[in-house]
Protein chains: 2
Amino acid sequence: MEFDKVVEEVLKRVKPSERERKEVNEISVFILDILKKLVKKHELEEKVRVEIEGSFAKDTWLSEDVDLDIFLLFNISFPLDLLRKYGLMLGEELAEKLGVNPVRRYASHPYIELNYGKVKIDIVPAYDVPSSKDVRTPVDRTPFHTRYIRNVISKRPELKDEIRLLKRFTKGIGIYGAEIKTEGFSGYLIEILVTYYGSFKDTVVAASTWKPWRTVIDLEGYYENKEIDVFKMFRAPLIVIDPIDEKRNAASAVSLEKLSLFVLACKEFLKTPSISFFYPHSPSIDVEKIKRELYEQNVIAIKTLIPSLPEDVLWGQVKRSLQGITDLLHRYGFRVFDTSAWTKGNILVMLFKLKYLERSKIEEHKGPPIYLDNSLTFISLNEKRSDVISGPYVKGDRLVVLRRVKYSKAEDVIKEKLNEAKLGKLISKYLKENIDVLKGANIVDISPEKEYLQYLYRWLTRRLPWRSH
Amino acid sequence: MEFDKVVEEVLKRVKPSERERKEVNEISVFILDILKKLVKKHELEEKVRVEIEGSFAKDTWLSEDVDLDIFLLFNISFPLDLLRKYGLMLGEELAEKLGVNPVRRYASHPYIELNYGKVKIDIVPAYDVPSSKDVRTPVDRTPFHTRYIRNVISKRPELKDEIRLLKRFTKGIGIYGAEIKTEGFSGYLIEILVTYYGSFKDTVVAASTWKPWRTVIDLEGYYENKEIDVFKMFRAPLIVIDPIDEKRNAASAVSLEKLSLFVLACKEFLKTPSISFFYPHSPSIDVEKIKRELYEQNVIAIKTLIPSLPEDVLWGQVKRSLQGITDLLHRYGFRVFDTSAWTKGNILVMLFKLKYLERSKIEEHKGPPIYLDNSLTFISLNEKRSDVISGPYVKGDRLVVLRRVKYSKAEDVIKEKLNEAKLGKLISKYLKENIDVLKGANIVDISPEKEYLQYLYRWLTRRLPWRSH
C-alpha cells in the first residue's frame with residue numbers, strides 16, 4: 001500500500017465523527033456543570049476554576065479513545081494539603097452524582113479517575129499560576145501546554161489530523177505514554193513534534209534519521225548553539241525543549257529503547273507503509289507454544305503479592321527490582337537476556353529469560369600475576385579452600401584456580417540470595433518474605449486470564465509490533 | 001628448614017660420587033674408542049672428529065642422571081646429506097657393537113640415541129666450524145657452548161655445584177628442558193644464569209623479582225642500551241643473550257608459563273626453603289578420585305592414533321592441534337579452561353577442561369544500531385530464519401534476536417566440525433579420520449599404565465609441583 005492510501009485509511013478511523021464529537025461535547029458540558037455546582041456548594045467559587053485540558057480541549061483526540069482531563073485550578077493562596085483534600089473530594093462527589101466508581105490515581109499528587117460510558121474522565125487538582133515560570137507542582141504546567149497547542153492549532157488547524165495520525169502511530173507501535181511503565185511519548189510531545197515538522201509525514205521522515213542522544217528539537221528556538229548549550233543542559237536519548245519552559249525536556253520520559261523503536265518504525269513505515277503500524281494484529285495465542293517456549297527460552301518467574309500503589313510508583317519499584325535481580329543473577333554467573341513484568345490487582349509476576357537455568361558447576365578464578373607480591377598469599381589462601389578443585393597453578397603469567405561454584409541453579413540464587421539484591425523498597429519486603437519461583441510450563445498457570453497469556457506470548461516471541469501476525 | 005640446610009641436603013644427592021664419576025668416565029672412554037675405530041674403518045679420519053660435549057664434558061651432570069652427548073664433528077667440506085647418512089650409520093654401528101637398540105631422534109637433523117646401562121648416549125653429527133659465527137646447522141653451536149662454559153668453570157670451579165643445584169631445582173619444578181613439549185630451561189641456559197649471578201642462591205634471589213617480557217641477561221655485555229637495543233632485537237618472556245652469539249636468545253624456548261613458574265618457585269623457595277622443590281612428592285593415585293574429577297571438571301578427551309614422528313615435531317603438531325580445537329570450541333560458544341596431551345607409542349590423547357560439556361541451547365545475536373541503514377536488512381533476514389525463536393526486537397538502541405544454537409554439546413562440535421579447526425598438518429589426517437571422543441570416567445580406560453594415571457591425576461589436581469602431596 002502506498003503512504004497516502006494508508007494515511008487516508010487511518011484518518012477515517014481516528015477522526016471523530018460529528019456525532020461522536022457532539023456526544024462527547026455534551027458529556028463534557030454536563031460534567032463541567034456538575035463540577036461547577038459542587039464548587040459552589042463548598043463555597044470555593046473564589047478559589048477554584050474548572051477547565052478542560054488535554055486532547056479534548058485541543059481537539060486532537062482519537063475516535064473511540066477519549067480521555068477528558070478536567071482540571072480544578074486552585075488559587076495559589078490555597079494550601080497544598082487542602083488542594084489535595086478538596087481535589088479528591090470534588091472528584092469523588094462527582095463520581096457519586098454520576099453513579100460510577102471513583103479510582104484514586106497519583107501523578108505528582110493524587111487525582112480521581114472515573115469511567116463514564118465510553119469516556120474516561122480524570123479530575124486533576126492543580127494551581128492556577130499566572131505564568132509557566134511560576135508552576136508549583138508539575139501538573140500546574142498542563143494548562144499552559146493546552147493553551148500553547150490551542151494557540152498553534154487555531155492558526156494551523158490542519159495540524160489536528162496530523163497529530164491524530166502520529167498519536168495512533170505511536171499507540172500502534174506501543175510507545176505512547178510517558179508513564180514509567182511505558183517510558184514513551186506523551187500526547188503533548190507528539191503535538192510539539194508535529195507542530196515542529198509540520199505534518200505526520202514530515203515527522204516520520206525526519207525521525208527516521210534521528211540518532212539517539214544526538215537529537216534536539218527546539219520549536220521556540222530558545223537555544224542558539226545546540227551542541228554547546230543544549231547538551232550542557234540536558235542528557236537524554238531525545239531532547240525536545242518544552243516551548244513553554246526552556247529548562248524542561250518534554251521528552252525526558254522517553255527511554256532509549258522506545259526512542260529506537262520509534263526511529264525504526266519510521267524507517268520501516270517509509271519503506272513499506274502499512275495499516276499494521278497503526279493497528280497491529282493481535283497474535284492468536286497458542287498455549288502449547290507458550291509452554292514450549294517458556295522451557296526452550298530458559299524462563300524463570302517470580303510471583304509475589306504486592307501492596308496497592310499508584311501506577312507510576314509501582315512500576316518504578318518493579319523496574320528497580322527487575323534490574324536488581326538481573327544484577328544479582330549476573331554476580332552469580334548467570335546471563336540474563338531479557339526481563340519483563342506483569343501485574344494485575346495485587347499479583348506481580350517478574351520474568352527472566354536466562355542463558356542457563358543451571359550454570360557450570362565450576363569457574364576459573366584468576367589470581368594475581370606471579371611477579372606481584374601477593375601471589376604467595378593467593379596460593380596459601382586458595383590451597384586451604386574446600387571449593388578449590390584444581391590449582392593453584394600458573395596460566396600465562398598469572399595464578400589461577402578452578403573452583404566449585406556454590407549456586408549453580410538460578411532458582412537457588414533467587415530463593416537464597418534475594419536479600420543481596422537491590423530491590424524497589426516498597427515491594428522488597430514482599431519479595432523477600434513470600435515468593436513463588438517457577439520455571440518452564442508452570443509459568444502459564446499463574447493466571448488463567450487471556451490478557452496474561454497474550455502478554456506471555458508477546459514477550460516470548462518478541463516481534464516488532466507491526467510485524468507480529 | 002633453612003636455605004643452607006636444604007642446599008646441603010640436595011648437594012649430597014646431586015653431586016656424583018668418585019665411584020660414579022670413574023664408572024661414567026670409563027664408559028665414555030670405551031665408547032669414544034669404539035667410535036674412533038668405526039671412523040677409521042670408514043676411512044673418515046680426515047673428515048670427522050669425535051668429541052664429548054654437554055654436561056659430562058663440563059662436569060655439571062647430576063648423579064644418577066647422566067647423558068653422554070657425543071658429537072661427530074664433520075669437516076665443512078662434507079656434504080650435508082652424507083653427514084646425515086654417516087652420522088646415523090656410525091651411531092647404529094656403535095649400538096650394534098654395544099649390543100643395544102639404537103633409536104633415531106631428530107633435533108635440527110637426525111641423530112642416534114641409545115641406552116647403555118644407566119647412561120643415555122646421544123650420537124650427534126655436526127659440522128666442525130672454525131667459529132661460532134660460521135655455524136651451518138643449530139647443533140654446530142654446541143661445541144662452542146661446551147668450550148665457553150668449560151672455560152668459565154676452569155677459572156671458577158665452584159660454579160659446578162651451583163649449576164647442579166639449579167638444574168635439579170628446575171627439574172624438580174618441571175621446567176627443565178628446551179624441547180617443545182616442555183618449553184623450559186636448557187642445561188646451557190642454566191649454566192649461563194649461574195655464571196651470571198655467581199651462585200644458585202643469587203640466581204634464585206634475582207629470579208624471584210624477574211618480570212616476564214622485561215628481563216634481560218647479557219653476560220658478555222654485548223648490548224649497551226638494554227631497553228633500546230635488546231628489545232628491538234628480541235621479543236620473548238625471558239631474554240638471555242647467548243655469550244657466544246649476541247644475535248641469539250639462549251632463552252627463546254622458555255614459555256611465559258614456564259618462566260612464571262620459575263619466578264614463583266624462586267619466591268616461594270626463598271620464603272619457605274624445602275627439599276620438595278628439588279624432589280617433589282609423587283602423589284599417590286586415587287583412581288576413584290580421578291573418575292570423579294573427570295566428571296566434575298567437565299573433561300572431554302580425543303583419542304587418536306598418530307604416525308611416528310620426532311619428539312619435537314610431534315609436540316609442535318600436538319600443541320597446534322590443542323590450540324586449534326580450543327579455538328573451534330570457543331567459536332561454538334564453549335569456554336575451555338585448560339588443555340593437555342599425553343602420548344605413548346602411536347597413541348595420542350588430547351584433553352580439554354570445559355566450563356560446560358553442554359552449553360546453552362540459545363544465544364543472543366546482536367544486530368546493528370537502529371539508526372544504521374542495514375537495520376532493516378537485519379530484520380528481514382532474521383525474520384525468515386527458522387533458528388530465530390524470539391525477535392527481532394529492540395534492546396537499547398540495537399536490534400537483537402534470540403537464536404537456537406545448532407551445536408549445544410561440545411562432543412558434537414568435535415565430532416562434526418573438526419574440519420573447521422586449524423590442526424597440526426602432520427596429524428590432522430589422523431584426527432579427521434578416526435577419533436574417539438570420550439567424556440568423564442571413560443577417559444581413565446584409555447590406558448591402564450600407571451604413568452597415564454599419574455599424568456591424569458596431576459593434570460586434574462594441577463597443584464604447584466613443590467606443593468603436591
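Basis for what follows: all heavy atoms, side chains included, without hydrogens, waters or symmetry-related copies. In the text below, chain A, chain B and the rest are named by the order of the sequence lines, each starting its count at 1.
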Review point. What part of B/L399 gets closer than 4.5 Å to chain A, counting heavy atoms only: side chain, backbone, both or neither?
Key: side chain
Check your understanding: Pick from A/P465, A/G396, A/P212: which one has the most heavy-atom pairs with chain B under 4.5 Å?
Key -> A/G396
Revision key, fill the gap. Closest non-hydrogen contact found for A/L464 with B/Y393 is CD2-CA, 4.1 Å
Exercise for review: Check the surroundings of atom NZ in A/K409: do more than 12 heavy atoms from other residues, nucleotides or ligands lie under 6.0 Å from it?
Suggested key: no
Point to revise | Best-contacting candidate, B/I389, B/V388, B/V401, against chain A by heavy atom pairs under 4.5 angstrom | key: B/I389
Review point. Quick one: which residues of residues 290-298 of chain A reach chain B at under 4.5 angstrom, heavy atoms only?
Key: A/E293, A/E296, A/Q297, A/N298
**Study point:** side chain to side chain donor-acceptor pair (under 3.5 Å) between B/S260 and A/K395, intermediate numbers included
**Key:** CA-CA 9 Å; B/S260 300; A/K395 186 172 179 178; over 6 Å; no
Review point. When heavy-atom pairs shorter than 4.5 Å are enumerated against chain A, which of B/L259, B/T209, B/D373, B/I379 gives the highest number?
Key: B/I379
Review point. Can you name the nearest heavy-atom pair linking B/S390 to A/W459, along with the distance?
Key: OG-O, 4.0 Å
Review point. What residue, out of B/E358, B/K353, B/E257, B/E363, has the most heavy-atom pairs lying under 4.5 Å from chain A?
Key: B/E257
**Study point:** Most chain B-contacting option - heavy-atom pairs closer than 4.5 Å, from A/L354, A/D397, A/D338
**Key:** A/D397
**Study point:** Proximity breakdown for B/K271 and chain A, heavy-atom pairs closer than 4.5 Å
**Key:** side chain
Check your understanding: A/E364 and B/K355: salt bridge (charged side-chain N to carboxylate O under 4.0 Å, His left out), yes or no, with the steps?
Key -> CA-CA 9 Å; A/E364 187 181 66; B/K355 188 163 185 185; over 6 Å; no
**Study point:** Selection from B/R335, B/K361, B/R398, B/E268 maximising heavy-atom pairs under 4.5 Å formed with chain A
**Key:** B/E268
Check your understanding: Which bit of B/W213 is near chain A, if near means a heavy-atom gap under 4.5 Å: side chain, backbone, both or neither?
Key -> neither
Point to revise | side chain to side chain contact (heavy atoms under 4.5 Å, CB included) evaluation trace for B/I370 with A/L261 | key: CA-CA 8 Å; B/I370 49 87; A/L261 195 59; over 6 Å; no
Revision key, fill the gap. One option among A/K211, A/R404, A/K267 has the most heavy-atom pairs under 4.5 Å with chain B, and it is A/K267
Review point. Do you know which of B/V263, B/V400, B/L402 has the most heavy-atom pairs under 4.5 Å to chain A?
Key: B/L402
Review point. If you look at every heavy atom in B/Y371 and A/W210, which pair is closest and at what distance?
Key: CB-O, 3.7 Å
